[in-house]
Amino acid sequence: MDLEAYATPETIQDIYKHYQAKRKNEHRPHLGGSQIGNECSRALWYQFRHAWTPLFEGRLLRLFETGDREEDRIVSNLRAVGVTVWERDPDTGKQVRFEACGGHFALSLDGVGEGFKESKKPHTLEFKTMNDKNFKATRNMGVEKSKPIYWAQCPVGMLLAGLDRCYFFAVNKNTDEMYGERIKLNKKEAQGLIDKAEKIVFSTLPPDKISGDASDWRCKFCPYWAICHGCKIPEVSCRTCAHVTPEKDGTWSCALGKPAVTCDDHLYIPQIMPKDLEMTDAGDDWVEYEDLDTGETFRNNGNSREIFEGRMRDGNA
């Protein structure tokens, strides 16, 4: 049978494009608790400072949606076996959310459950989907060793929610097998992660790199690799501006008295510029750089967008 007449790869590509078109490439206003387990604080700082917008292909966006749908299924499964689940804040209709660092750091729970056969205590809930390889590793080694980023969400969520138990569920996307792990709160560990978030949030400069080697496996697949190790120039954002400071009450202040929106007075934080741009001089509202590749000198003074667009146009980013 000739399947060519029935195959519709163009239609599939249209579906992927649909996912890309409907996605809003908006930055989170806060540092997310779902990422605080990332061992690279510099990457988290870039994320919080809106230094770059990671792009995802349509297939991957559809995969994210699959994970979201599985959460509803797990909630339904739990209720079917007698567990009471609160997966939405009754006041907002959204996931139950907790904040720290004045609101600059936040974490949303997948839910809270009570009435488990293993314990009468209420538990925070974390749901994940995994491919077969990652699922088997988690089943064999536990969440803490196999998926430390997922693990970190659990103590932080418990501490902020005022609970001392978490039930972690994972679903194998290949076989539909489920894995469950009950986790007890370690207050010292949880507080350490929140302290880590606070240090990142209120740092005026990017933290040290996890590795100075651009080929390090921990760096190669990071969405901020080219800013950290390569030649990308950060996006022009209020948070990549040297005039702006995050405040303890969750707001942002500007030394120029401007509102918290990107303006023409944007001045790049020198320490986040590409490695081939060396700062040679500076004033209150300008910084001078030498391009080590060309030997040319230029000033960043009310022209951040031009610098960014020019570098993108020249193919250096």
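Quantities reported herein were computed from a predicted structural model and do not represent experimental measurements.
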Treating [X] as the side-chain partner and [Y] as the backbone partner, does any N or O pair qualify as donor plus acceptor under 3.5 Å?
X: K121; Y: D164; result: no
X: H266; Y: S237; result: yes
X: Y268; Y: P234; result: yes
X: W45; Y: S203; result: yes
X: K232; Y: P274; result: no
X: N172; Y: F135; result: no
X: S146; Y: G142; result: yes
X: T124; Y: V112; result: no
X: R49; Y: R239; result: yes

### Task
Verify side chain to side chain contact (heavy atoms under 4.5 Å, CB included) between E118 and R165, making sure each step is shown before the conclusion.
CA-CA 11 Å; E118 299 89 342; R165 294 291 187 276; over 6 Å; no
### Message
Would you say that more than 12 heavy atoms from the other residues, nucleotides or ligands in this model lie under 6.0 Å from the CZ of R182, or not?
### Response
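Counting neighbours around CZ of R182, more than 12 heavy atoms of other residues, nucleotides or ligands fall under 6.0 Å, so yes.
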### Query
Is it true that atom NZ of K22 has more than 12 heavy atoms of other residues, nucleotides or ligands lying nearer than 6.0 Å?
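Counting neighbours around NZ of K22, more than 12 heavy atoms of other residues, nucleotides or ligands fall under 6.0 Å, so yes.
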For residues [X] and [Y], report the shortest heavy-atom separation together with the two atoms involved.
X: H229; Y: S211; answer: CE1-O, 3.0 Å
X: P155; Y: A190; answer: O-CB, 3.3 Å
X: R97; Y: G103; answer: NH2-O, 4.4 Å
X: G37; Y: A152; answer: CA-CB, 3.5 Å
X: V287; Y: P270; answer: CG2-CG, 4.1 Å
X: T262; Y: C238; answer: OG1-N, 3.0 Å

### Residues in side-chain hydrogen bond (donor to acceptor under 3.5 Å, both in side chains) contact with D91, at least two apart in sequence or another chain
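Here no residue qualifies.
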Please check if any side-chain donor atom of [X] sits under 3.5 Å from a side-chain acceptor atom of [Y], or the reverse.
X: D249; Y: T251; result: yes
X: E290; Y: T280; result: no
X: E235; Y: T53; result: yes

Just how far is it from atom [atom1] of [X] to atom [atom2] of [Y], taken to the nearest 0.5 Å?
X: W286; Y: R299; atom1: CH2; atom2: CZ; result: 4.0 Å
X: T129; Y: D68; atom1: OG1; atom2: CG; result: 9.0 Å
X: W151; Y: E144; atom1: CH2; atom2: CD; result: 4.5 Å
X: Q20; Y: R59; atom1: CD; atom2: CZ; result: 11.0 Å
X: N300; Y: E288; atom1: CG; atom2: CD; result: 11.0 Å
X: C40; Y: I200; atom1: SG; atom2: CD1; result: 8.5 Å

### Message
Using the rule side-chain hydrogen bond (donor to acceptor under 3.5 Å, both in side chains), only one of T138, D132, N140 pairs with K136; which is it?
### Response
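In the set T138, D132, N140, the residue that makes a side-chain hydrogen bond (donor to acceptor under 3.5 Å, both in side chains) with K136 is D132.
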Is there a continuous path of hydrophobic side-chain contacts, each under 4.5 Å between heavy atoms, that joins [X] to [Y]?
X: M279; Y: I307; value: yes
X: W225; Y: L44; value: no
X: I269; Y: F202; value: yes
X: L205; Y: I233; value: yes
X: I227; Y: I210; value: no

### Task
Using the ring-ring contact (aromatic ring centres under 6.0 Å, His included) rule, take H104 and W252 through it: C-alpha gap first, then chi angles, then the decisive distance, then the call.
CA-CA 10 Å; H104 288 302; W252 291 78; 5.6 Å; yes
### Task
Run the salt-bridge test on D176 and R73 with the 4.0 Å N-O cut-off and return the result as yes or no.
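Answer for the salt bridge query: yes.
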### Message
What I want to find out is whether R62 reaches E65 closely enough, with some N-O distance under 4.0 Å, to be called a salt bridge.
### Response
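E65 and R62: not salt-bridged.
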### Query
Residues sharing M178's hydrophobic cluster, by side-chain heavy-atom contacts under 4.5 Å among ILVMFWY, directly or via others?
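Same cluster as M178: I74, V75, L78, V81, V83, V85, F116, L125, F127, Y167, F169, V171.
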Got [X] and [Y] here, is their nearest side-chain heavy-atom distance under 4.5 Å?
X: E114; Y: H123; result: no
X: P148; Y: E39; result: no
X: E177; Y: R139; result: yes
X: K147; Y: F168; result: no
X: V156; Y: F98; result: no

### Query
Could you go step by step and tell me if D264 and R305 meet the salt bridge (charged side-chain N to carboxylate O under 4.0 Å, His left out) rule?
CA-CA 8 Å; D264 291 336; R305 288 189 178 88; 3.0 Å; yes
